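Step one of this worksheet: look at the structure below.
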Amino acid sequence: MTRSTDRSVAAFERASRVLVGGVNSPVRAFAAVGGEPLFISRACGSKIYDLDDNEYIDYVSSYGPTILGHAPEAVVEAIGLAARKGTSFGAPTLAEVMLAELVISAIDSIEKVRFTNSGTEAVMTAIRLARGVTGRDKIVKCIGCYHGHSDGLLVQAGSGATTLGVPSSPGVPAGATADTILAPFNSVEAVSQIFSQAGGQIAAVIVEPVAGNMGVVPPADGYLQTLRDICDQAGALLIFDEVMTGFRVAPGGAQQLYNVRPDITTLGKIIGGGMPVGAVGGPAKIMDHLAPLGPVYQAGTLSGNPAAMSAGLASLNEIASDPDFYSLLERKSAELEAGLREAANQAGLGEKVVINRVGSMLCCFFSALPVTDYASATACDTRAFAAYFNGMLNNGVYIPPSQFEAMFVSAAHTSDDIAATQQAATEAFKAAADVM
Ligand code: PLP
């Protein structure tokens, strides 16, 4: 495919003069894959268009929120209707109540909700809540899991932090992470050992139940249940960060898929229908420690914003209106996985590519060995990934510009999209094979 990107290149130059690195979130800068980022002019359904009017099949899906595809009619209409009535009041609205009711009806472990503006804020609140409830300070986090960019959690985080090779960040004081204990994802032994040494001081274990910020890494059999058991024995809380997996891998999130009940759940992405939203949820006996009922402080000028709540409501209602929504998504995602495997085989990379998938989250690693944690994810050939990424882009498929992000399938992807993706992937895998 011959495509001009002149307008995106010019926009990036202009952006780089006024925005740090030309972007407002590091992974968007394409630093890990080379070249200039596409500047997006519009998107509709499964397709996204850049300023040069190139069309791509989009699997970035805004890093997860757009599970219905881009600009679904019901969501766009709901945002418009809400905005016309006023964009922010600093006072309660019924939309907040209705969205909370939907979240509670979908996720068994949640009786009460607090909405925030982002996943980062939701996780910050969850950690403070866990510390406030238990009266303990230490938290256990998995290496390579990303829980937003707050100080205490920016230690060996995945996502952009991994892509840029910055395992933690200057500006984070040692004191802020002194109570964060690290464990490799999927290692029961590591968590057991940590608890045997410091169990009585640990407020919570926080985990992405399906790791989606070191590429996609599913939990090993029994891993999440073991975390549950260890937390129970030590009186610590278990936090599932379902910002990515909530309403993505099942209506009730990964906790439904794996049948493990956390004490606190964080949400974001899909529940905002593409608008900025996060949420913390759990049983009333935990959630009621938050202000104004309890002493654990948390607040937000724009929290529960009416336009964002309306977008979330419209999205979740749309999902719920189709009883086959998740089985269809699973079928398409399995079709995509099979297509990518076939493409890798055709390029002679059958034994050198690992495809991890949980529902509509998936990721190709350039590795001959299984990818089960951060160490095995970062051992993959990222040069091959960069070649694969650019091969996909040149053939009309937009995937995340980092080995350590997930591709997301949406309800708007069609069988034709998936067939075209397989074709593009055959070329992209050949490009990767050339540099391996
Ligand atoms: N938690 C997880 C699991 C995430 O994937 C992310 C973002 O990708 C966050 C938290 C942070 O959410 P946000 O980017 O909305 O602050």
Side-chain angles (χ1 to χ4, degrees), residues 23-28 59-67 107 114-130 139 141-164 169 180 185 204-219 224 238-249 253-255 257 262 264-281 298 300 302-305 308 311-312 315 358-363 374 377 400-408:
V23 293
N24 281 305
S25 195
V27 73
R28 298 180 195 168
Y59 295 100
V60 176
S61 300
S62 183
Y63 294 92
T66 58
I67 194 166
I107 303 180
R114 168 65 50 89
F115 288 113
T116 63
N117 297 301
S118 68
T120 297
E121 277 182 62
V123 176
M124 282 165 58
T125 301
I127 297 288
R128 186 176 302 152
L129 183 57
I139 55 164
K141 114 168 243 300
C142 290
I143 298 169
C145 281
Y146 178 68
H147 303 292
H149 62 280
S150 68
D151 280 1
L153 292 162
L154 209 55
V155 198
Q156 301 255 317
S159 190
T162 298
T163 303
L164 298 179
S169 169
T180 308
F185 184 72
V205 173
I206 182 165
V207 68
E208 289 180 71
V210 175
N213 287 286
M214 43 177 144
V216 175
V217 181
L224 298 174
L238 179 61
I239 304 172
F240 276 2
D241 182 352
E242 299 231 40
V243 166
M244 190 180 281
T245 51
F247 292 92
R248 166 61 65 183
V249 297
Q255 53 196 271
L257 190 64
I264 301 176
T265 300
T266 52
L267 296 165
K269 300 196 190 253
I270 289 173
I271 62 158
M275 298 285 279
V277 176
V280 189
Q298 191 278 343
L302 290 171
S303 295
N305 174 267
S315 270
V358 177
S360 54
M361 295 166 60
L362 77 162
C363 172
Y374 184 71
S402 161
Q403 171 69 88
F404 307 110
E405 302 286 353
M407 288 169 73
F408 298 98

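Because the structure is a prediction, the values reported are computed rather than measured. Ligands are counted one by one from 1 in listed order, and the atoms in each one are counted from 1 as well. Numbers here simply count residues along the sequence, with the first being 1.
Taking each heavy atom of Y63 and P401 in turn, the nearest pair found is OH-CD, 3.2 Å. When all heavy atoms of F115 and A279 are compared, the closest pair comes out as CD2-CB, 3.7 Å. When all heavy atoms of T266 and A126 are compared, the closest pair comes out as CG2-CB, 3.6 Å. When all heavy atoms of V358 and V216 are compared, the closest pair comes out as N-CG1, 4.3 Å. Of all heavy-atom pairs between V207 and F185, the closest is CG2-CE1, 3.7 Å. Taking all atoms of both residues into account, the shortest heavy-atom contact from H147 to E208 is CE1-N, 3.7 Å.
The CD1 atom of I206 sits 4.0 Å away from atom CD1 of I127, with the distance rounded to the nearest 0.5 Å.
Under 4.0 Å from ligand 1, the heavy atoms of E208 that appear belong solely to its side chain. Residue-level proximity to ligand 1 for H149 is absent, since no heavy atom of it falls below 4.0 angstrom. With a 4.0 Å heavy-atom cut-off, ligand 1 is reached by the backbone of T120 and by its side chain too. Contact annotation: for Y146 versus ligand 1, heavy atoms closer than 4.0 Å belong to both the backbone and the side chain.
Residue contact check: G148 has heavy atoms under 4.0 Å from atoms 9 (C), 10 (C), 11 (C) of ligand 1. Heavy-atom contacts of N213 reach the following atoms of ligand 1: 3 (C), 4 (C), 5 (O) (cutoff under 4.0 Å). Taking a cut-off of under 4.0 Å to the non-hydrogen atoms of S118, the atoms of ligand 1 that pass are 15 (O), 16 (O). Short contacts between ligand 1 and D241, defined as distances under 4.0 Å to a heavy atom of the residue, involve ligand atoms 1 (N), 2 (C), 3 (C), 10 (C). Remark: ligand 1 atoms within the under-4.0 Å shell around heavy atoms of M244 are 5 (O).
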Walk me through it: do T125 and R128 pass the test side chain to side chain contact (heavy atoms under 4.5 Å, CB included)? CA-CA 5 Å; T125 301; R128 186 176 302 152; 5.8 Å; no
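Ligand 1 has at least one atom lying under 4.0 Å from a heavy atom of K269.
Residue nearest to atom 12 (O) of ligand 1, selected from P209, S25, G119: G119 (by heavy-atom distance).
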